[in-house]
2 protein chains.
Amino acid sequence: MKTVAVFYGGESVEHDVSVITGVMTMNAVDKARYEVLPVYAAKNGTFYTGDELFEIDGYKNLDFKKLKKAAFLPGDDTMYVIKGKTLRPLKKISVAINCTHGERGEDGCIAAICKLSHVPIASPGVSPSAISMEKHLSKTVLRGMGVKTLPSVKINTASGAASALKKAGLDFPLIVKPDRGGSSVGISLAKDERELSAAVSLALKFGESAEIEPYAEEFTEINCAAYKNADGVTVVSECEKPFKKGALLSFEDKYVDGERQFPAKIAPALGERVQKITRKVYDELGFEGIVRIDYMIIRGEVYLNEINAVPGSLAYYLFCKTQKSFSSLLTGVIEGAMRRAAPSDTYVKNISTGILDGLKGKGAKRLER
Amino acid sequence: MKTVAVFYGGESVEHDVSVITGVMTMNAVDKARYEVLPVYAAKNGTFYTGDELFEIDGYKNLDFKKLKKAAFLPGDDTMYVIKGKTLRPLKKISVAINCTHGERGEDGCIAAICKLSHVPIASPGVSPSAISMEKHLSKTVLRGMGVKTLPSVKINTASGAASALKKAGLDFPLIVKPDRGGSSVGISLAKDERELSAAVSLALKFGESAEIEPYAEEFTEINCAAYKNADGVTVVSECEKPFKKGALLSFEDKYVDGERQFPAKIAPALGERVQKITRKVYDELGFEGIVRIDYMIIRGEVYLNEINAVPGSLAYYLFCKTQKSFSSLLTGVIEGAMRRAAPSDTYVKNISTGILDGLKGKGAKRLER
């Protein structure tokens with residue numbers, strides 16, 4: 001039976017949300033087809049595995065002594081466990097699913113270790129993950145693709161904000177966000193310079209850069225997800241409309257009291273426009289796995305707000321109209337990822353350069369200092 | 001004394017070139033300041049370390065039995081060595097330098113394992129590395145930044161080429177390249193449909209996508225490099241003009257018989273334009289380490305052709321007018337990377353969500369299937 005490694009947890013502020021996504025996903029994987037191996041990244045970054053990790057109740061007080069330290073090695077698709085000074089092969093991994101949210105996980109790091117270990121991943125690869133993690137970079141890429149986003153400036157110091165905003169022609173009210181990360185953590189509204197200073201200070205507690213955008217008084221938030229199925233066809237979900245309580249969609253709105261209208265009651269033409277952009281972005285950035293894209297509709301215009309490379313709960317609920325279950329959805333993305341990874345083993349990796357043989361000839365010049 | 005881990009080799013077609021870059025770099029690091037630990041990725045992806053690796057002559061017939069298997073573990077900045085079933089800590093790593101070229105190295109994978117292990121890297125991070133590895137994606141990002149590049153299409157099958165080219169308004173003669181990778185491997189010129197078909201087939205031997213651009217009969221190639229010094233200031237090199245022998249700059253031109261004019265004899269205003277774009281791209285994409293950017297000058301217009309996140313020989317020769325030696329250049333990038341990585345330990349990583357405690361309340365809904 002093939003083994004699916006599910007990565008989750010991690011060092012980011014979104015650790016707890018990721019535990020929920022990870023445990024849900026592990027429990028949803030079809031056990032008649034696959035064996036599941038939990039790979040839980042603790043808050044200090046260490047990987048653990050163990051049967052205890054399937055139970056969500058256990059995370060309140062995890063007993064790390066009952067768990068096993070786990071590791072991938074480069075060039076080797078085996079998951080190892082470490083006990084003291086002993087390294088023991090545990091299981092050959094056929095495919096991985098990334099359920100980490102935020103830094104050192106969703107940002108391309110998990111995709112990278114899977115790539116180094118030759119393990120296909122039923123989740124976004126290194127480059128789309130890395131791009132989606134950075135709000136400002138995402139907008140640059142989207143602009144290059146002809147996809148509309150709100151204007152913004154990225155700053156590294158509170159003192160740099162005023163001049164950068166002026167240069168970009170942006171005025172109050174403004175939204176200030178940490179440039180990296182998600183789940184609405186560290187985001188605030190600034191209606192004047194005093195609030196801006198506080199908002200930037202808050203955002204810079206979470207990372208080295210802050211992203212500042214104009215605040216739209218009235219807008220509709222619309223989310224839409226996509227995945228690539230076993231046959232390589234990109235499937236786009238219907239749209240949902242999440243509800244918010246305060247001026248901004250807060251962490252609690254997103255994960256604790258999350259309520260939504262699904263499918264969103266919006267004009268069909270608007271929904272189709274959102275779906276068309278979702279498909280374009282998913283395909284052109286070369287995504288794998290389930291991705292959720294969040295939009296803002298402002299006076300009828302569609303602005304792409306954020307790409308979630310690893311959305312909470314893997315956004316499975318957005319496919320409930322077309323998929324029998326989360327399990328069958330996962331089977332599709334898992335099978336597709338394995339199928340599409342196969343040809344990469346046949347690409348040319350070796351060419352005979354003769355460089356290392358001929359170093360006493362001309363090539364050796366480069367070794368002189 | 002601080003230990004610098006130098007990563008090089010790897011599974012890409014550029015393995016041999018990377019060995020040269022790696023060995024040069026290891027020998028150039030100032031031994032009065034730092035200890036150097038070689039981390040050689042063999043052609044199968046396994047990491048090795050050992051004193052034998054400092055000698056370039058040894059790579060013709062490497063005796064792997066004399067080397068030690070090496071590994072980083074997530075959340076741990078120690079380099080371990082593996083002997084049979086035993087895992088032994090070898091050395092705490094203070095900083096890493098990435099000298100891998102191509103897939104599973106220069107593409108963000110080495111940056112990612114360093115990030116997971118909390119090791120600062122004096123080389124580009126995950127996202128600028130991943131972007132620079134893909135020719136088409138790089139152009140999309142650059143377009144979003146307002147930097148001029150040649151138009152292009154990216155295709156995954158030979159049969160898709162004709163219609164994609166027509167849609168983009170591109171005509172013969174064309175250049176066909178593997179979308180990922182560098183060192184001019186797999187690149188060819190297509191003057192008609194028959195040649196196009198062969199060129200695409202060749203490019204698709206190296207990866208899943210090919211990038212097709214118009215071929216400029218007459219152009220000047222100009223390269224320019226940049227790095228961030230210990231104080232965080234971006235230093236841009238003078239321009240060089242590499243020479244080519246055939247219609248395209250070949251692998252041999254680049255690495256075997258490489259000759260160049262340095263500084264390039266070009267109009268000062270043109271050189272300044274190239275330097276200005278180099279600085280903008282380096283800063284806006286958030287690079288660290290030494291990066292070389294290659295341009296084509298066509299009828300006076302500057303087109304950015306390619307960003308090399310890990311250039312051959314780390315492009316040290318482009319700084320020979322301003323730096324005493326490759327050693328002093330490396331000291332600057334190493335010290336800067338360590339200094340700039342330090343604050344990231346102070347960012348908020350934990351927030352109290354209460355989600356995992358309150359699962360019997362509202363949050364638990366998400367765990368139902």
Side-chain angles (χ1 to χ4, degrees), chain A residues 11-13 16-17 19-20 24 28 41 43-47 56 59-60 71 73-75 82 85-88 104 107-109 112-113 115-116 126-127 130-131 134 137 140-141 143-145 185 205-207 255-257 313 326 347-351 353 355-357 359 362-363 366-367 369, chain B residues 11-13 16-17 19-20 24 28 41 43-47 56 59-60 71 73-75 82 85-88 104 107-109 112-113 115-116 126-127 130-131 134 137 140-141 143-145 185 205-207 255-257 313 326 347-351 353 355-357 359 362-363 366-367 369:
Chain A
E11 297 182 63
S12 89
V13 291
D16 293 0
V17 180
V19 168
I20 295 183
M24 282 184 69
K43 287 188 177 182
N44 67 1
T46 307
F47 287 177
I56 189 73
Y59 290 85
K60 278 176 250 179
L73 302 179
I82 299 162
K85 288 183 177 169
T86 316
L87 184 77
R88 187 170 58 79
R104 292 195 169 96
D107 59 348
C109 285
I113 57 166
K115 188 171 180 182
L116 284 172
V126 180
S127 75
I131 290 168
E134 299 182 31
L137 176 60
T140 303
V141 176
R143 199 159 48 236
M145 291 166 62
V185 174
K205 284 203 169 77
F206 293 88
Y255 293 109
V256 183
D257 287 317
S313 314
F326 190 16
Y347 296 138
V348 177
K349 287 184 188 171
N350 282 297
I351 55 168
T353 64
I355 300 181
L356 297 178
D357 302 323
L359 281 170
K362 285 179 177 170
R366 299 219 154 216
L367 291 174
R369 280 172 45 202
Chain B
E11 298 181 63
S12 89
V13 290
D16 293 1
V17 180
V19 168
I20 295 183
M24 282 184 70
K43 287 188 177 182
N44 67 1
T46 306
F47 287 177
I56 189 73
Y59 289 85
K60 278 176 250 179
L73 302 179
I82 299 162
K85 287 184 177 170
T86 314
L87 185 77
R88 187 169 59 79
R104 292 195 171 96
D107 59 348
C109 285
I113 56 166
K115 188 171 180 182
L116 283 172
V126 180
S127 75
I131 290 168
E134 299 182 31
L137 176 61
T140 303
V141 176
R143 199 159 49 235
M145 291 166 62
V185 174
K205 284 203 169 75
F206 293 88
Y255 293 109
V256 184
D257 287 318
S313 314
F326 189 15
Y347 296 139
V348 178
K349 287 184 188 172
N350 282 297
I351 55 168
T353 64
I355 300 181
L356 297 179
D357 302 323
L359 281 170
K362 286 179 177 169
R366 299 219 153 215
L367 290 174
R369 278 170 49 201

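Numbers restart at 1 for each chain; the letters A, B, ... are given by sequence-line order, proteins then strands.
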Select one option (side chain, backbone, both, neither) describing which atoms of [X] are under 4.5 Å from chain A's heavy atoms.
X	answer
B:Val141	both
B:Asn44	backbone
B:Leu137	side chain
B:Lys205	both
B:Thr86	both

(Q) Counting heavy-atom pairs closer than 4.5 Å to chain A, which one of B:Val126, B:Leu116, B:Thr46 comes out on top? (A) B:Leu116

Q: Pick whichever of B:Ala130, B:Ala112, B:Cys109 has the most heavy-atom pairs under 4.5 Å with chain A.
A: B:Cys109

Out of curiosity, [X] [atom1] to [Y] [atom2], how far, rounded to the nearest 0.5 Å?
X	Y	atom1	atom2	value
A:Arg143	B:Arg143	CZ	CZ	12.0 Å
A:Ser12	B:Tyr347	OG	OH	15.5 Å
B:Ile56	B:Ile20	CD1	CD1	5.5 Å

Q | Chi angles and distances behind the side-chain contact (heavy atoms from CB on, under 4.5 Å) call for A:Thr140, B:Thr140 | A | CA-CA 9 Å; A:Thr140 303; B:Thr140 303; over 6 Å; no

Q: Return yes if some donor-acceptor pair links the side-chain N/O of B:Arg104 with the main-chain N/O of A:Lys115 below 3.5 Å, else return no.
A: yes

Q) What do you reckon, is NZ of B:Lys43 surrounded by more than 12 foreign heavy atoms closer than 6.0 Å? A) yes

Q.
If I measure from the heavy atoms of chain B, does A:Leu73 come under 4.5 Å with its side chain, its backbone, both, or neither?
A. side chain

